Amino acid sequence: MVTLFFILFLLITLLMIAWVVRTLLHGRIDRRTVATLDLARYMGLWYEIARLENRFELGMVAVTARYTLRDDGSIEVVNSGVSPRNHERHTAVGRAKTKGPGRLWVSFAGPFGSDYNILELSPEYEWALVGGRSASYLWILARHPELDAATFELLKTKAQQRGYDIEQLLTVDQSLHRAPDAPEEPQAPNEPARA
C-alpha cells in the first residue's frame, strides 16, 4: 500500500514538474482580444501574410481564409493554400462560433476545435493579428496579398510584446495572387461565382 501511494505521489509530482517546465519554456502570452468587433465587417477574404509554422499549413504558400456569416449565426471558414510540393490548391472547410468580442472557436473536425483570438485589428478592417490558445499559433492577415513594411513591423512588435516568438515568424509567399494567371480562390458554397 505504501509503495502504491509513493508511486502515485511520484507520478503526480513529475506531471506537475512537466507542466511548470512547459509553461516556462512556452512562456505566457497575452491573449486579450479586441474590445469590439463588427463581425459583418470581418467577413470576407483575408490573405495570410505571415504565420508561426504549424502542422496544418506546413510549407503552404498563397494561403487565404474566407469567412462567411451564416443564417444560424455561425461562420463558415474556408482556408486554402498551395502546396509547394505538387502546386495544387488544398482547401479545408470549417465552422466558427463567437465566444465573445474578438474571440471565436473554430472547428474543422466536428467537435474538435481551437480558439481564434483577434488580438489586433485595424480600424478599417484591413489587417489583423490573430492568435490561438497557445504561443504556437499566430497569424498576420490582410485584405490584400501584400502588407506595407511599416504595418508589418508594427504587427511583429505587437506580437512580440504579447509574448510571441517572432523570430519563428514565417512570411507567406503570396506571389501567386499577384501574377496575371493567379489560381482561382475557392468560393464559399453559398457565394455566387465571381466574374
Side-chain angles (χ1 to χ4, degrees), residues 18-39 41-70 73-83 90-122 125-143 147 151-174:
W19 179 79
V20 168
V21 169
R22 183 178 180 272
T23 301
L24 291 175
L25 289 177
H26 288 281
R28 294 263 178 207
I29 56 169
D30 178 359
R31 293 186 303 133
R32 285 178 295 160
T33 62
V34 294
T36 60
L37 176 69
D38 181 342
L39 202 54
R41 284 185 72 193
Y42 195 78
M43 298 298 100
L45 181 64
W46 290 88
Y47 294 88
E48 188 174 278
I49 304 302
R51 70 171 176 263
L52 290 178
E53 190 68 284
N54 60 72
R55 63 187 170 105
F56 305 110
E57 301 176 281
L58 195 59
M60 293 285 215
V61 299
V63 179
T64 61
R66 181 179 298 277
Y67 305 103
T68 306
L69 196 54
R70 300 178 55 85
S74 68
I75 300 161
E76 181 178 65
V77 181
V78 180
N79 287 348
S80 73
V82 175
S83 168
H90 298 272
T91 301
V93 179
R95 281 266 167 113
K97 294 181 180 182
T98 57
K99 289 178 59 178
R103 193 175 307 274
L104 305 174
W105 185 82
V106 180
S107 173
F108 290 94
F112 305 103
S114 183
D115 286 340
Y116 178 103
N117 302 310
I118 303 168
L119 308 172
E120 305 283 344
L121 181 63
S122 77
Y125 287 63
E126 288 296 314
W127 52 256
L129 180 66
V130 176
R133 180 176 298 205
S134 78
S136 301
Y137 297 100
L138 181 73
W139 296 269
I140 294 176
L141 306 177
R143 293 293 190 176
L147 188 62
T151 302
F152 185 60
E153 290 303 316
L154 171 72
L155 291 172
K156 284 172 42 179
T157 299
K158 286 180 178 289
Q160 187 173 38
Q161 290 169 345
R162 286 175 171 270
Y164 288 93
D165 181 5
I166 63 166
E167 295 301 318
Q168 301 301 314
L169 202 60
L170 170 75
T171 302
V172 178
D173 179 4
Q174 291 287 355

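Because only heavy atoms are used, hydrogens play no part in the values below, and waters and symmetry mates are left out as well, while side chains stay in. Remember, it's a predicted structure, so these values are computed and weren't measured experimentally.
- Listed here is the closest heavy atom pair of Ile49 and Leu141: CG1-C, 4.3 Å.
- Closest non-hydrogen pair, Val82 versus Ala62, comes out as CG2-CB, 4.0 Å.
- Contact check for Val106 versus Ile75: no side-chain heavy atoms found under the 4.5 Å cut-off.
- Taking both residues in full, the closest heavy atoms of Thr33 and Gly102 are given as CG2-O, 3.3 Å, listed atom of the first, atom of the second, then distance.
- Partners of Arg41 by side-chain contact (heavy atoms from CB on, under 4.5 Å), not counting sequence neighbours, listed by chain and number: Asp38, Tyr125.
- For residues 91-115, the set of pairs meeting the ring pair (Phe, Tyr, Trp, His ring centres under 6.0 Å) definition, not counting sequence neighbours, is empty.
- Legend: residues meeting salt bridge (Lys or Arg N to Asp or Glu O under 4.0 Å) with Glu153, ordered by chain and number and at least two apart, are Lys156.
- Nearest heavy atoms, Leu138 versus Leu119: CD1-CD1, 4.3 Å.
- Here Arg103 contributes atom CZ and Leu37 contributes atom CG; the two are 12.0 Å apart, rounded to the nearest 0.5 Å.
- A distance of 9.0 Å separates CG of Asn117 from CZ of Arg133, quoted to the nearest 0.5 Å.
- A search for side-chain hydrogen bond (donor to acceptor under 3.5 Å, both in side chains) contacts involving Thr157 returns nothing, not counting sequence neighbours.
- Residues passing the side-chain hydrogen bond (donor to acceptor under 3.5 Å, both in side chains) test with Thr171, sequence neighbours excluded: none.
- In this structure, Ile29 and Gly132 approach most closely via the heavy-atom pair CD1-O, 4.3 Å.
- Shown here are the salt bridge (Lys or Arg N to Asp or Glu O under 4.0 Å) partners of Arg31, two or more places apart in sequence or in another chain: Asp115.
- Every residue two or more places apart in sequence or in another chain that forms a side-chain hydrogen bond (donor to acceptor under 3.5 Å, both in side chains) with Glu126 is listed here: His144.
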- Could you go step by step and tell me if Leu52 and Leu169 meet the side chain to side chain contact (heavy atoms under 4.5 Å, CB included) rule? CA-CA 5 Å; Leu52 290 178; Leu169 202 60; 4.1 Å; yes
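- Distance check, rounded to the nearest 0.5 Å: OG1 of Thr98 to CG of Leu69 gives 9.0 Å.
- Between Val61 and Gln174 the shortest side-chain heavy-atom distance does not fall below 4.5 Å.
- Thr68 is not listed as a side-chain neighbour of Val78, based on a closest heavy-atom distance of 4.5 Å or more.
- Every ring pair (Phe, Tyr, Trp, His ring centres under 6.0 Å) that Tyr42 has, sequence neighbours left out, goes to Trp46, Tyr67.
- Residues passing the side-chain contact (heavy atoms from CB on, under 4.5 Å) test with Asn54, sequence neighbours excluded: Arg51, Phe56, Glu57, Tyr137, Trp139.
- For Thr151, the side-chain contact (heavy atoms from CB on, under 4.5 Å) criterion is met by Trp127, Leu147, Asp148, Leu155, not counting sequence neighbours.
- Looking at residues two or more places apart in sequence or on another chain, you find no salt bridge (Lys or Arg N to Asp or Glu O under 4.0 Å) involving Arg143.
- Here the OG atom belonging to Ser136 is positioned 10.0 Å from the CG atom belonging to Asp165, to the nearest 0.5 angstrom.
- Residues satisfying the salt bridge (Lys or Arg N to Asp or Glu O under 4.0 Å) test with Asp30, not counting sequence neighbours, are Arg32, Arg162.
- Once rounded to the nearest 0.5 Å, the distance linking CD of Glu167 with CD of Gln160 reads 7.0 Å.
- What you find for Ala35 and Pro101 is that their closest heavy atoms are O-CB, 3.3 Å.
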